[in-house]
> 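Input: one structure, supplied below.
By convention here, the first residue in the shown sequence is residue 1. Counting starts at 1 for both ligands and their atoms, following the listed order.
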Amino acid sequence: MKLAYLATAATLAAMLSAQPALAQTKTGVDRLYILDCGQGTGPDQSRWSPGVNVGKPLDVSDNCYLIHHAQGWFLWDTGVADAIAAMPEGQKGQGTAPSWRRPKTLISQLDQLGVKPADIKFMAVSHTHPDHIGNVELFPQTMLLVQKAEYDWPLPGGASRFKPAHPVTKLEGDRDVFGDGSVVLFATPGHTPGHQSLLVKLPKTGALVLTGDAVHFKDNWDNRRVPEGNTDKDQTVASMQRIADFLSKEQAKLWINHDKVQGDQLKRSPEFYD
Ligand SMILES: [Zn+2]
């Protein structure tokens with residue numbers, strides 16, 4: 001009789017301990033880390049602001065953002081390739097493109113936080129320029145969320161921008177990543193055909209929009225300027241308006257990835273926003 005009771009109690013305990021795994025209610029983001037994913041210097045900022053500040057150099061930041069959600073880790077953008085960290089002079093830019101240095105690798109910054117590549121459940125890239133997709137293949141098991149229009153956009157030589165073997169979900173528009181509204185990818189084409197931006201909602205910090213390269217720095221935002229290298233000017237202007245609409249609807253702050261002046265005022269990993 002007593003044995004049977006114990007067995008029942010054990011079964012009940014097992015059922016109860018299995019509950020959290022079954023529950024579908026793990027919601028919310030609790031931490032966001034800003035990782036240094038490259039430091040750039042452009043020789044001529046009018047590359048991004050046609051006719052304005054011609055010939056003036058500009059320092060640019062390049063961030064990755066590591067976000068902890070109750071259902072797992074999410075990585076937004078991957079920066080310039082970690083291999084650049086080993087180049088004493090960094091990587092020289094062609095023409096007016098920025099030159100890049102990498103004071104710290106992405107992997108070393110994850111390691112400092114005790115996060116292994118296999119721990120990252122989802123990753124998303126704003127677009128496929130080299131300062132954003134430099135380290136996608138450091139996470140060969142991580143589900144990549146990218147707009148289909150970006151994935152299918154061939155390189156000038158016709159080659160694919162991603163390794164076909166990498167797990168991928170090709171999006172056609174917006175995606176609420178964890179289903180609770182806390183991490184939402186939204187389409188902002190124009191810089192490239194399938195560019196996307198990210199809305200993140202933190203409990204204390206509030207809502208943030210992470211731009212990707214929908215805009216490069218605040219002056220361009222304030223004046224709605226479109227860089228000459230963008231694939232579609234009208235789309236770019238419409239996407240900036242879309243971001244402005246998100247900012248007012250969600251009472252969100254705008255964090256511009258390449259704006260070093262803004263970025264220098266923000267907390268850097270291992271500090272975090274919650
Ligand atoms: Zn960029």
> Is the positively charged end of Arg161 above the ring of Trp153, judged by distance under 6.0 angstrom from the centroid and angle within 45° of the axis?
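Flagged: Arg161 positioned over aromatic ring of Trp153.
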> Give every donor-acceptor pair under 3.5 Å between a side-chain atom in residues 90-100 and any protein atom, sequence neighbours left out.
| from | atom 1 | to | atom 2 | distance (Å) |
| --- | --- | --- | --- | --- |
| Thr96 | OG1 | Arg47 | NH1 | 2.9 |
| Ser99 | OG | Gly93 | N | 3.0 |

> Is there a donor-acceptor contact under 3.5 Å from the side chain of Asn230 to the main chain of Lys233?
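No.
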> Listing residue and atom name, which protein N/O/S atoms are closer to the Zn ion (ligand 1) than 2.8 Å?
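You should have found Asp131 OD2, His132 NE2, Asp213 OD2, His258 NE2.
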> Can you sort out the partners of Asp82 under salt bridge (charged side-chain N to carboxylate O under 4.0 Å, His left out), two or more places apart, ordered by chain and number?
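Partners of Asp82 under the salt bridge (charged side-chain N to carboxylate O under 4.0 Å, His left out) test: Arg102.
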> Are Phe139 and Trp73 an aromatic pair by the rule of ring centers under 6.0 Å?
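Not under 6.0 Å, so no.
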> Of all residues at least two apart in sequence or in a different chain, which pass the salt bridge (charged side-chain N to carboxylate O under 4.0 Å, His left out) check with Asp234?
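Applying salt bridge (charged side-chain N to carboxylate O under 4.0 Å, His left out) to Asp234 gives none.
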